[in-house]
Structures are given as structure tokens and as C-alpha cells.
Amino acid sequence: MTTPSRKILFVDDEEILRDTLEEMLMKLGYDVELAGDAREALEIARKEYIPLIITDLMMPEVDGTQLCKQIREINETAVIYAFSGYLTDIDSDQLKEAGFDGHLCKPVKFDVLKDAVEGAFEKIHQRRSRTDHTRL
């Protein structure tokens, strides 16, 4: 079994948030791809396998929920987290129905981000192990 990539795609239409999260994730030792909107995120997701995707929910044109559904068609094993300052308005069951594995609230604290990302990569490892065993 190969070691999964430590790459994360972070999608947000606010440049300051992209830059801040990129810095935080890089400090944790992850490779980070950034996208400013859903179209850009889908282009990246079609080109390469990215195991963890964190996306803003409130974006112009295509929102994070629609993006999640589209990414699931490309990459069903990715862990996808919703990222928003408005999560109190959204039911966690709705997020699960849309295909999200979890959510993070803006602004995110470093320790919360660290725990969420480590948990996501543990899920990714488990999913890959199940997939590898299924192929045998």
C-alpha cells in the first residue's frame, strides 16, 4: 500500500483567508493547493488526487455544497470539510447529506485545525485500507 499524499486543497473566495490557512497548514507539514472559487477547485481536483478538501460554503456562483457534490463525483474517497462562519444556520445533517465529512468554523484556531486535519488523514488512511482490501 502506498503512502497517501499529504496534500490539502483549500477553497475560499477571500484571499486573506486562503493565505492564512495556507500558512497554518504548511506549518503543520502539509502541501497546500489554493482555489479562489469552485471552478478553480474542480480544475485542480480533476488533474490530481487530493485526499483532503476544505471549502468555504458561501461563495459566489457555485457554493460549497454544490462543489462538494461535484467533487464527490470525481473523488469519492476524499475527506471534505465545510468551512464557514455561518454554520449555526446550517444543520449538520444537511452537510452530511451534501457529502461533507465534517465542518470547521471561521475563524479556526490552530489547535482545532490541527486536530481536524489529523483526524481527516486518519479517515483517509482507513478508507484507503478498506479499498485496498476490497481489491484483493
Side-chain angles (χ1 to χ4, degrees):
M1 183 169 64
T2 60
T3 303
S5 166
R6 290 180 54 87
K7 186 169 273 195
I8 299 169
L9 173 59
F10 180 68
V11 188
D12 199 297
D13 57 318
E14 294 183 48
E15 185 176 4
I16 188 82
L17 283 173
R18 289 194 308 270
D19 293 344
T20 301
L21 263 286
E22 178 183 34
E23 186 177 317
M24 291 169 76
L25 292 166
M26 288 176 68
K27 280 183 182 177
L28 292 169
Y30 295 95
D31 297 322
V32 183
E33 287 278 340
L34 300 173
D37 59 30
R39 179 194 49 76
E40 194 177 344
L42 287 168
E43 283 177 24
I44 293 168
R46 286 185 182 111
K47 287 181 190 172
E48 64 181 299
Y49 172 77
I50 298 182
L52 174 57
I53 299 157
I54 302 170
T55 183
D56 186 17
L57 287 177
M58 307 289 264
M59 295 185 293
E61 295 180 37
V62 177
D63 69 21
T65 302
Q66 293 169 313
L67 174 61
C68 179
K69 290 175 183 177
Q70 291 175 358
I71 287 175
R72 283 281 172 233
E73 293 174 11
I74 299 166
N75 180 352
E76 61 187 34
T77 63
V79 170
I80 306 174
Y81 285 156
F83 185 65
S84 181
Y86 303 100
L87 285 173
T88 55
D89 298 340
I90 300 166
D91 186 313
S92 62
D93 288 338
Q94 290 174 312
L95 292 174
K96 283 184 181 172
E97 284 177 27
F100 287 103
D101 294 284
H103 61 273
L104 295 165
C105 295
K106 292 179 187 178
V108 66
K109 294 181 180 179
F110 186 82
D111 290 342
V112 171
L113 181 65
K114 179 179 186 266
D115 291 346
V117 170
E118 287 174 357
F121 277 95
E122 181 57 36
K123 281 183 192 176
I124 292 160
H125 177 72
Q126 291 170 357
R127 287 178 184 177
R128 288 180 57 100
S129 293
R130 277 189 297 231
T131 302
D132 288 347
H133 290 298
T134 305
R135 290 182 191 154
L136 296 177

Quickly, which of I53, D56, T55 forms a side chain to side chain contact (heavy atoms under 4.5 Å, CB included) with L67? Name it, please. T55

Is the CD atom of E118 crowded by more than 12 outside heavy atoms at less than 6.0 Å? yes

Minimal heavy-atom distance between A116 and L104, with the atoms involved, is CB-CD2, 3.6 Å

Below 4.0 angstrom, N of the basic side chain to O of the carboxylate: do E14 and R18 qualify? no

In the single-linkage hydrophobic clustering (I, L, V, M, F, W, Y; side-chain heavy atoms under 4.5 Å), do F110 and V32 co-cluster? yes

Between E22 and L34, the two heavy atoms sitting closest are OE1-CD1, 3.5 Å

Surrounding CD of E43 (heavy atoms of other residues, nucleotides or ligands, distance under 6.0 Å), is the total greater than 12? yes

Determine, for D12 against K106, whether the closest basic-nitrogen to carboxylate-oxygen distance falls under 4.0 angstrom. yes

K114 atom NZ, over 12 foreign heavy atoms within 6.0 Å: no

Are any of the side-chain nitrogens in E61 or R39 under 4.0 Å away from the carboxylate oxygens of its partner? no

Determine the minimum heavy-atom distance between I50 and L9, stating which atoms define it. CG2-N, 3.5 Å

Is the shortest side-chain heavy-atom distance between L52 and Y30 below 4.5 Å? no

Is there a path of hydrophobic side-chain contacts, each under 4.5 Å between heavy atoms, that joins Y81 and F121? yes

Can you see which heavy atom on F100 is nearest to which on T65, and at what distance? CE1-CA, 3.9 Å

Nearest heavy-atom contact between I74 and A45 is CG2-O, 3.6 Å

Student check: side-chain heavy atoms of L113 and D111 closer than 4.5 Å: no

Answer yes or no: is there a donor N or O on one side and an acceptor on the other, between the side chain of R72 and the main chain of A98, under 3.5 Å? no

P51 and I124 have their tightest heavy-atom pair at O-CD1, 3.3 Å

